[in-house]
Asks: 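Here you go, one structure.
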Protein chains: 2
Amino acid sequence: MSETPPHRKRDASATTEAILTAAREVFTEKGYDGAGTREIAERAQVNVALISRYFGSKEGLFAAAVPPMMTLDAVLAGDMAGFGTRLAASLTHKTARKGFDPMLALLRAASSPEAVPVLRQALQAQVLHPLADRLEGPATLERAALIGALVVGFDLLTRVLGLTATGADAMDALEQTLAKSVQALVDQR
Amino acid sequence: MSETPPHRKRDASATTEAILTAAREVFTEKGYDGAGTREIAERAQVNVALISRYFGSKEGLFAAAVPPMMTLDAVLAGDMAGFGTRLAASLTHKTARKGFDPMLALLRAASSPEAVPVLRQALQAQVLHPLADRLEGPATLERAALIGALVVGFDLLTRVLGLTATGADAMDALEQTLAKSVQALVDQR
DNA sequence: ATAATTTGTAATCGGGTGTTGACTTGGTGG
DNA sequence: CCACCAAGTCAACACCCGATTACAAATTAT
């Protein structure tokens, strides 16, 4: 058995990036409390102390890892007439993407006091406000918040709590109803 | 200074009840991970070991404390024409009740794997199904789930993440929009 | 080549967690 | 009265956490 190369080339930016992607994965899977710095470091194949060095603390790592990825741009592209359908599809068509998922990370970190300010600010600035700007009519911010509530609640029920629709046709019905509810909030005026 | 009476009268059912109410409060405030058995015992003025004795484990305590209280009966009473208004009012009129709040407890425990099965079962059996039974038309379970998502998401945004409506009139607009969205899901057919 | 700075390592600190076992105390039935 | 058993106490266990310190190795600058 050949010895594992004792250390890869020294590259600060590469290791910070490795830490960030590992942190995103673990925060997604385990939440803020459940994610341990040792586990993150291990997955990044990096020494634990480097987390403190580069990000100051676990909270600093979370703030650096999660917020930049919270965006609604993909679904917001296109005309708002099809927004409900697009959003519903993006929620039900769980691409089962391994690794980082901003929504799961948010849901599983929301119970940790240290993470709350970070999450609130990012959600406000990068999701709710951009969405409200695309709405017309009265109370755009409130309607945007309700759309956000629908999305967040939907993901909490299905992905975190694991509530499953009973059948494939029920899944279709769910997606259609969701799309209709969202679109009603978009078209309201 | 008189000595504090070294111990109150021995009463197993009274102490289990004290543990339960203390547990409900702490789980509400700190979530499942954040709530410590020692803190619960201290608030109940009870020895920590009694938690293990009476409930087997922290998970057992959670299962005994939270699910029985998850109910929608108060809002479900009355005719379904006013359901949206009633539900929206019950959410925005945060009575700021101190102590136990099943919705907060659910939200802050949802990220803990040990709590998830308990929460899912209780939500399913005591909230979603009773609500679906009161709905008419197609896909009642799916529409009930979406109403649940709206409620859960709304509370997550406002109470857990602390997103605040900018003004009092904005709060009214939010409540009305929420009522309308819920009622639309109720009346759909 | 030598000094200085950055990058990575290893061990440890102080504290907190849920849970357990042995023990003591209180009330009660024989 | 006293033995018995439930109810409560106490101290410890084994484990995990985030953070820090002192040190070694590699890179860069002089």
Side-chain angles (χ1 to χ4, degrees), chain A residues 3-23 26-27 29-66 108-109 111-116 118, chain B residues 3-23 26-27 29-66 108-109 111-116 118:
Chain A
E3 295 266 336
T4 54
H7 31 253
R8 61 179 158 199
K9 299 197 345 183
R10 294 195 167 194
D11 185 338
S13 74
T15 58
T16 63
E17 209 56 44
I19 293 176
L20 282 174
T21 65
V26 183
F27 281 135
E29 297 168 10
K30 313 266 191 94
Y32 184 85
D33 279 320
T37 55
R38 286 173 173 83
E39 181 179 359
I40 294 174
E42 187 183 5
R43 193 174 305 201
Q45 299 189 43
V46 145
N47 190 289
V48 205
L50 296 180
I51 291 182
S52 295
R53 189 200 291 288
Y54 289 127
F55 300 98
S57 65
K58 181 183 175 179
E59 186 178 348
L61 173 59
F62 183 81
V66 175
R108 294 206 242 252
S111 47
S112 303
E114 312 97 306
V116 162
V118 178
Chain B
E3 296 264 338
T4 54
H7 30 254
R8 62 180 158 200
K9 300 196 347 184
R10 295 193 169 194
D11 186 338
S13 72
T15 58
T16 61
E17 209 56 44
I19 293 176
L20 281 175
T21 66
V26 183
F27 281 136
E29 298 168 9
K30 314 268 190 92
Y32 184 86
D33 280 320
T37 55
R38 285 173 174 84
E39 180 179 0
I40 294 173
E42 187 183 5
R43 192 174 306 202
Q45 299 189 40
V46 144
N47 191 288
V48 207
L50 296 180
I51 292 183
S52 294
R53 188 198 288 291
Y54 288 129
F55 301 97
S57 65
K58 180 183 176 181
E59 186 177 349
L61 173 58
F62 183 81
V66 175
R108 295 206 240 252
S111 46
S112 305
E114 311 96 307
V116 162
V118 179

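In what follows, every chain begins at residue 1, and chains take the letters A, B, ... in the order their sequences are listed.
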Asks: Choosing from dG18(D), dT19(C), dG8(C), which nucleotide comes nearest the side chain of Thr37(A)?
Replies: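 Nearest to the side chain of Thr37(A) among the choices is dG18(D).
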
Asks: Between dG8(D), dG8(C), dC17(D), which nucleotide has the shortest distance from any of its atoms to the side chain of Arg53(A)?
Replies: dG8(C)

Asks: Taking the side chain of Ser57(A) as its heavy atoms from C-beta onward, which of dA6(D), dG21(C), dA19(D) lies nearest to it?
Replies: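 Out of dA6(D), dG21(C), dA19(D), the nucleotide with an atom closest to Ser57(A)'s side chain is dA19(D).
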
Asks: At 4.0 Å (heavy atoms only), tell me whether Ala35(B) reaches a base, stays on the sugar-phosphate, or touches nothing.
Replies: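 Sugar-phosphate: the residue Ala35(B), judged by heavy atoms under 4.0 Å, touches backbone atoms but no base.
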
Asks: In this structure, how many angstroms lie between the C1' atom of dG16(C) and the NZ atom of Lys58(A), rounded?
Replies: 13 Å

Asks: Rounding to a whole Å, what distance do you find between Asp33(B):CG and dC15(D):P?
Replies: 20 Å

Asks: Is the phosphate of dG18(C), meaning OP1 or OP2, less than 4.0 Å from a side-chain N or O of Ser52(B)?
Replies: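 Result: no.
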
Asks: Provide, to the nearest angstrom, the distance between the CG atom belonging to Asn47(B) and the P atom belonging to dG21(C).
Replies: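 Answer to the nearest Å: 16 Å.
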
Asks: Just checking, Lys58(A) and Phe27(A): is the charged tip under 6.0 Å from the six-membered ring centre and within 45° of the axis?
Replies: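 No, Lys58(A) and Phe27(A) do not form such a contact.
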
Asks: Would Glu42(A) and Arg38(A) pass as an ion pair if we require N to O under 4.0 Å?
Replies: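 No, this pair does not count.
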
Asks: Within the side chain of Tyr32(A), is there an N or O that forms a donor-acceptor pair under 3.5 Å with the backbone of Glu59(A)?
Replies: yes

Asks: If you define the side chain from C-beta out and look only at heavy atoms, does anything of Thr16(B) sit under 4.5 Å from Phe55(B)?
Replies: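 In contact.
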
Asks: Tell me the interatomic distance from Leu50(A), atom CG, to dT9(C), atom C1', rounded to whole angstroms.
Replies: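 After rounding, the gap between these two atoms is 8 Å.
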
Asks: Taking any heavy-atom pair under 4.0 Å as a contact, classify Tyr54(A): base, sugar-phosphate, or nothing.
Replies: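 Here Tyr54(A) touches the backbone only, sparing every base.
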
Asks: Out of dT7(C), dG8(D), dG18(C), which nucleotide sits closest to the side chain of Arg10(B)?
Replies: dG8(D)

Asks: Ala12(B) or Ala49(A): which one's nearest nucleotide on DNA chain D is closer to the 5' end?
Replies: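 The residue whose closest nucleotide sits nearer the 5' end is Ala12(B).
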
Asks: Whole angstroms only, please: what is the CD-C1' distance between Glu39(B) and dT17(C)?
Replies: 13 Å

Asks: Nearest whole Å is fine: how far is dG18(D) C1' from Ile51(A) CD1?
Replies: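 To the nearest whole Å, that distance equals 10 Å.
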
Asks: Whole angstroms only, please: what is the CZ-C1' distance between Phe55(A) and dG18(D)?
Replies: 16 Å

Asks: Calculate, to the nearest 0.5 Å, the distance between atoms CZ and OG belonging to Arg108(B) and Ser112(A) respectively.
Replies: 10.5 Å

Asks: With nearest nucleotide decided by heavy atoms, which residue, Tyr32(B) or Arg38(A), maps closer to the 5′ end of DNA chain C?
Replies: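 Upstream on the strand: Arg38(A).
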
